[in-house]
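Note that these values count all heavy atoms, side chains included, but never hydrogens, waters or copies made by symmetry. Just so you know, these numbers come straight off a predicted model, no measurement behind them.
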Amino acid sequence: MSTQFLELLAREASAVEFEGPIIEARARGADPATIEELEQAKVEALKVRDLLKRRARREAELSALYDTAGDLAALRDLDAVLEAIVHRARQLLATDVAYMTLHDPEQGDTYMRVTDGSISAKFRALRLAMGAGLGGLVAQTATPYSTADYFADARFRHKHHIDEAVTEEGLVAILGVPLRLGQRVIGVLMAANRSARPFHQEEVSLLASLAAHAAVAIDNARLLQETRNALEELSQAHRTARAHGEAVERAALAHDRMTSLVLRGGGIEDVAAVVTDVLGGSLAVLDDLGRPLTGDVGELDAGVFESAQASRALGRTVRRGDLLIASVDVGGEPLCTLILRSDDADGRILERAALVCALLLLFRRSVAEAEGRVRGELLDDLISRPGSPGLADRARRLGVDLSAPHVVVVVRHEGQRERAAFWASSQATLRHGLAAGRAGEVVLLLPGANAGGIAQRVAAELSASLQVPATAGASKVCLPGATARPPGSGEPGAGGVSTAYQEARRCAEALIALGRAGDGASAAELGFVGLLVGDGRDVRGFVGRVLGAVIDYDARRGTALADTLAAYFGSGGSPSRTADAMHIHVNTVTQRLDRIGKLLGDGWLEPERALEIQLALRLHRLGHTSTP
């Protein structure tokens, strides 16, 4: 090989320049043998030139693959790695555009993931269905495809929106190879030119190698992300477990404090103080009716009580706004509810506090029920066995002074028997009285002398507690001291309880019969009806309350107002007929009626009052009472 061809190879001359030495030799008039030798040298030099070019290209490809492998080893950003692969594919294949599509498992097609050299927005947003277009065909068959002229190639289905995007991008020649993970195709790597050109097998192999690296990069990124997610989940689980452990320990310590406090005789208020000390905020404890036992968290709406019901159903705390609610029930009935106003608090501690409060209330209820049974047995004995010995001593041990005035109250109701009995027992304990529960009624023996007022109060309070009408009848009974009775005569005055019980019961029945369910009264408040239900039949007292002022006036002045009043009612309320019947002037009748009106007060002619006055006149005239 001549020195000239070596120089051309050294400076990487173009193929045309290798004709120069032959042209020069011919110009000098070289013989045919020399020309032939130069021709052979040129051919060998061109072969060497092609070999050097292939080796340079191969070196560039290997360098690109090496760089890609380095990117994978230092994978931090998947987008950056994929963009580098697509850019190298475009450079090595010397194409106008390179791009990558990935499979979308949700929609079942492929979408543009990375592009390099693209100028069309529609092309960059293109989606290819499986089998549609050249890229869809590669994704469907997992086989490389290339075309020197896309629009003239009938091997794949042409879709209008795909062809429109390819036209807008100006692509003509396209090569696509699959991105494979095992037997699964996850996308397509493509290189394209805006002019017609064939793609050689070496270019297909190169693009396939880059596609393999891209598939590895995508899989590594997936594995890396899954690893990161797993580590984050483990870290979160560790933090949660640690926080849970700390919360459980804190709840256990709070529970120990509350238990120790209860064992030392503490109450609901002390438990609430521990809760607020540990959790902060403000705490209210409500009883079974939603009434505060301690604390105050402001006005509560219906939603709070719905949350309390949900807490009992779920067996855990329920949050409503800035309120944390824990409620406990027994046998389906609410026992207590704890409401903590706090933005951030441990519900476990509140749950344990609710259980401790529930135990305290159950203990109190058990004690009250035991005491209530003792009080109820004593009241039953006073009613049914008034002569039994030791009644006064039993009452004294319960703090009941039988020597003081008392009132027997009988309350008829249609509510819950246990709740009514518990309420009555609580009232008896608070007021140093006795109480007993019976079918459809409760009986109380309470200190006091105002039978009617006590009956009304008891009826109103028990009606509110039961949420149904409770009707109370009452009768006053005075139990004299034990020293007033001779030995062996039985218990002092105990028989009066039985009598008062019967009268109080008749009063309650009378109220119900009169349509006054939910009210309370004694025989005195029932007017003339009291004469029918009262055991003492106090006619004198009735006449005195209704007509006493008139009778007393007649006794002091020697007048005949009572007779005039009887004649007035007997004549149908006519002053003139009254005057005729009494043989007096009508003006005298009018003057007497005015005096009667002043003595009896306004409204004495109203039907109900007039009926009582006529009954009192009749009893007075029949001689069942004397002038006061």
Side-chain angles (χ1 to χ4, degrees), residues 375-376 379-380 382-384 386 402 404-415 417 420-421 423-425 427-428 431 433-466 468-479 493-546 608-609 611-613 615-616 619 624-625:
R375 292 178 180 272
L379 182 55
D380 285 338
L382 286 170
I383 293 173
S384 59
L402 292 181
H406 281 71
V407 171
V408 174
V409 184
V410 176
V411 191
R412 307 299 296 270
H413 64 86
E414 300 294 336
R417 179 177 177 179
W423 180 91
S425 177
Q427 290 294 310
R431 301 181 184 279
L434 302 176
R438 300 188 176 192
E441 69 179 24
V442 292
V443 184
L444 297 100
L445 178 66
L446 300 175
N450 183 5
I454 292 175
Q456 291 175 3
R457 177 182 59 78
V458 169
E461 292 182 2
L462 185 54
S463 296
S465 177
L466 298 178
V468 295
T471 308
S475 178
K476 184 170 64 174
V477 56
C478 183
L479 303 174
V497 177
S498 178
T499 303
Y501 165 73
Q502 298 297 335
E503 180 173 315
R505 191 175 187 185
R506 287 194 296 269
C507 287
E509 293 172 348
L511 286 172
I512 295 173
L514 293 171
R516 292 172 59 183
D519 200 355
S522 65
E525 283 76 38
L526 291 176
F528 71 89
V529 176
L531 290 177
L532 303 177
V533 300
D535 187 73
R537 304 293 196 275
D538 186 10
V539 176
R540 176 186 293 272
F542 173 73
V543 173
R545 286 194 303 272
V546 176
E608 184 175 348
R609 182 88 179 276
L611 178 60
E612 288 190 344
I613 292 172
L615 178 59
L619 292 173
H624 287 290
T625 183

task = List in chain and number order the residues that pass side chain to side chain donor-acceptor pair (under 3.5 Å) with Q427, two or more places apart in sequence or in another chain; answer none if no residue qualifies.
result = R431

So, taking the atom named [atom1] in [X] and the one named [atom2] in [Y], what distance separates them when rounded to the nearest 0.5 Å?
X: H413; Y: S463; atom1: NE2; atom2: OG; answer: 10.5 Å
X: S425; Y: L434; atom1: OG; atom2: CG; answer: 10.0 Å
X: S475; Y: I454; atom1: OG; atom2: CD1; answer: 11.0 Å
X: Y501; Y: E441; atom1: OH; atom2: CD; answer: 4.0 Å

Closest heavy-atom pair and its distance - [X], [Y]:
X: A472; Y: V409; value: CB-CG1, 3.9 Å
X: P447; Y: G433; value: CD-CA, 4.3 Å
X: V442; Y: A424; value: CB-CB, 4.1 Å
X: V477; Y: V497; value: CG2-N, 3.9 Å
X: T471; Y: A508; value: CG2-O, 3.8 Å
X: R412; Y: I512; value: CB-CD1, 3.9 Å

key: Among V407, V410, V411, side-chain contact (heavy atoms from CB on, under 4.5 Å) partner for L444   = V411

ask   = Residues in salt bridge (Lys or Arg N to Asp or Glu O under 4.0 Å) with R457, at least two apart?
value = E461

